[in-house]
Amino acid sequence: MVEIVNVVASGALDAELDLERLADDIGEPVARYDPEKYPGMYLRFEEDAPLITVYRTGKFIITGADSEEESYSFRERFLNLFSDMDVIERPENKWFSIQNYVCTAELGQNLNLNALVISLGLEKTEYEPEQFPGLIYRPDNGNCVILVFATGKVVITGSKQTADAECCFADFKNSVYKTL
DNA sequence: TTGGAGGCTTCTTATATATTGTGGTGAT
DNA sequence: ATCACCACAATATATAAGAAGCCTCCAA
């Protein structure tokens with residue numbers, strides 16, 4: 001069972017933005033803008049909701065959603081806000097797509113990571129417990145990276161589609177069970 | 001000299017370790 | 001009152017991806 005814990009998506013608006021003015025109009029705490037610190041303006045509609053980072057060029061990213069649907073619904077709220085403010089005109093047809101899924105999964109048993117380095121292949125793994133407790137596995141057919149922990153818990157990240165993450169985990173699971 | 005390439009900044013999220021820091025409590 | 005000590009919290013470490021803007025470095 002692969003569970004999505006974070007979705008990163010990006011898109012663009014057909015407009016150049018005056019972030020200073022927008023941040024003033026929207027106000028805190030929904031809008032946060034500190035160009036000295038970072039060039040993007042942050043928008044967060046409510047506590048614990050996904051974060052929307054908006055740039056001068058009109059490009060934006062949405063992080064912290066836990067499903068594709070949530071990403072799209074927050075994009076809608078964002079576009080509605082900007083059209084209500086007459087910043088953009090609807091419909092907004094510029095691109096928007098999911099860039100990264102971060103997922104978790106469990107193998108259901110403890111693992112010997114030192115042994116796993118050998119069975120998964122030295123060239124595909126990195127494991128330096130003094131630096132970080134997780135084993136980093138990069139499948140060569142994969143479009144994802146897997147972090148493996150001694151508890152059997154796993155993080156799959158870097159996929160642009162949930163099916164890819166599920167595939168990666170299924171392959172990984174097979175490799176692990178083969179060597180047990 | 002200039003431009004391009006690369007690396008860093010910010011943020012999100014799960015995961016798990018070590019380390020640093022802070023606060024409180026007990027004893028002197 | 002002041003110091004030792006313990007508990008807990010926060011931060012660092014690492015991963016992916018997007019974005020803009022700054023930096024450094026190297027080549028033409």
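Throughout, a chain's letter reflects where its sequence line sits, starting with A, and its residues are numbered from 1. Note that these values count all heavy atoms, side chains included, but never hydrogens, waters or copies made by symmetry.
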Peer 1: Please work out which residues in residues 61-70 of chain A have a non-hydrogen atom less than 4.0 Å from an atom of DNA chain B and list them by number.
Peer 2: A/T63, A/G64
Peer 1: Could you state the atom-to-atom distance from CZ of A/F74 to C1' of B/dC11 in whole Å?
Peer 2: 16 Å
Peer 1: Heavy atoms, side chains only, cut-off 4.5 Å: are A/F60 and A/L43 in contact?
Peer 2: no
Peer 1: Whether A/R56 contacts C/dG21 is assessed here as follows: a side-chain N or O lying under 4.0 Å from the phosphate OP1 or OP2. Is that the case?
Peer 2: yes
Peer 1: Contact class for A/T53 vs. all strands (heavy atom < 4.0 Å): base, sugar-phosphate, or nothing?
Peer 2: nothing
Peer 1: Taking everything shown except A/E89 itself, do over 12 heavy atoms lie less than 6.0 Å from its CD?
Peer 2: no
Peer 1: Going by heavy atoms in the side chains, are A/L79 and A/L13 under 4.5 Å from each other?
Peer 2: yes
Peer 1: Look up atom CG in A/D164 and atom CD1 in A/I156, then write down how far apart they are to the nearest 0.5 Å.
Peer 2: 11.5 Å
Peer 1: Less than 4.5 Å apart, any side-chain heavy atom of A/T125 and any of A/V148?
Peer 2: no
Peer 1: Five pairs at each end of the helix from B/dT1-C/dA28 to B/dT28-C/dA1: take the axis at both ends and give me the angle between them to 10°.
Peer 2: 60°
Peer 1: Rounded to whole angstroms, how far apart are CD on A/Q161 and C1' on C/dA16?
Peer 2: 16 Å
Peer 1: Using ring pair (Phe, Tyr, Trp, His ring centres under 6.0 Å) as the criterion, list what pairs up with A/F82, not counting sequence neighbours.
Peer 2: A/F78
Peer 1: Expressed in angstrom and rounded to an integer, what is the separation of A/L113 atom CG from B/dA16 atom P?
Peer 2: 11 Å
Peer 1: If the cut-off is 4.0 Å, is A/T57 near the phosphate of C/dA20, judged by side-chain N/O to OP1 or OP2?
Peer 2: yes
Peer 1: Starting at CZ of A/F78 and ending at P of C/dA19, how long is that distance when rounded to a whole Å?
Peer 2: 14 Å
Peer 1: Take atom CD of A/Q99 and atom P of C/dA17, then tell me their distance rounded to the nearest Å.
Peer 2: 10 Å
Peer 1: Atom CZ of residue position A/R77 - does it have more than 12 heavy atoms of other residues, nucleotides or ligands inside 6.0 Å?
Peer 2: yes
Peer 1: Within this structure, what is the CG-to-C1' distance between A/N100 and B/dA14, rounded to whole angstrom?
Peer 2: 12 Å
Peer 1: Please list, by residue number, the residues of residues 34-49 of chain A whose heavy atoms come closer than 4.0 Å to an atom of DNA chain C; answer none if no residue qualifies.
Peer 2: A/Y38, A/P39
Peer 1: Dump the intermediate steps for side-chain contact (heavy atoms from CB on, under 4.5 Å) on A/F45 and A/I52, then the final yes or no.
Peer 2: CA-CA 9 Å; A/F45 292 120; A/I52 304 173; 3.8 Å; yes
Peer 1: I need a per-nucleotide contact map over nucleotides 10-15 of chain C, read 5' to 3'. Cutoff is protein heavy atoms under 4.0 Å; write B for the base, S for backbone only, - otherwise.
Peer 2: ---BBB
Peer 1: Donor-acceptor check, side chain of A/Q109 to backbone of A/G152, threshold 3.5 angstrom: yes or no?
Peer 2: no
Peer 1: Rounded to whole Å, how long is the line connecting atom CD of A/E3 with atom P of B/dT13?
Peer 2: 13 Å
Peer 1: To the nearest 0.5 Å, what is the distance between OG1 (A/T63) and OH (A/Y42)?
Peer 2: 9.0 Å
Peer 1: Apply the hydrophobic cluster definition, ILVMFWY joined by side-chain contacts under 4.5 Å directly or through others, and give me every member besides A/V5.
Peer 2: A/V102, A/F132, A/I136, A/V145, A/L147, A/F149, A/V155
Peer 1: Using heavy-atom distances to pick each residue's nearest nucleotide on DNA chain C, tell me which of A/K59 and A/N6 is more 5'.
Peer 2: A/N6
Peer 1: Before you tell me yes or no, could you show the steps for A/K173 and A/E166 under salt bridge (Lys or Arg N to Asp or Glu O under 4.0 Å), namely the whole-Å CA-CA distance, both residues' side-chain angles and the distance that decides it to 0.1 Å?
Peer 2: CA-CA 10 Å; A/K173 211 167 159 184; A/E166 280 160 14; over 6 Å; no
Peer 1: CE of A/M85 to CG of A/L22: how many Å apart, nearest 0.5 Å?
Peer 2: 5.0 Å
Peer 1: To the nearest Å, give me how far apart CD1 (A/I156) and C1' (C/dA16) are.
Peer 2: 12 Å
Peer 1: With a 6.0 Å cut-off (strictly less than), is the heavy-atom count around CD of A/E130, excluding the residue itself, greater than 12?
Peer 2: no
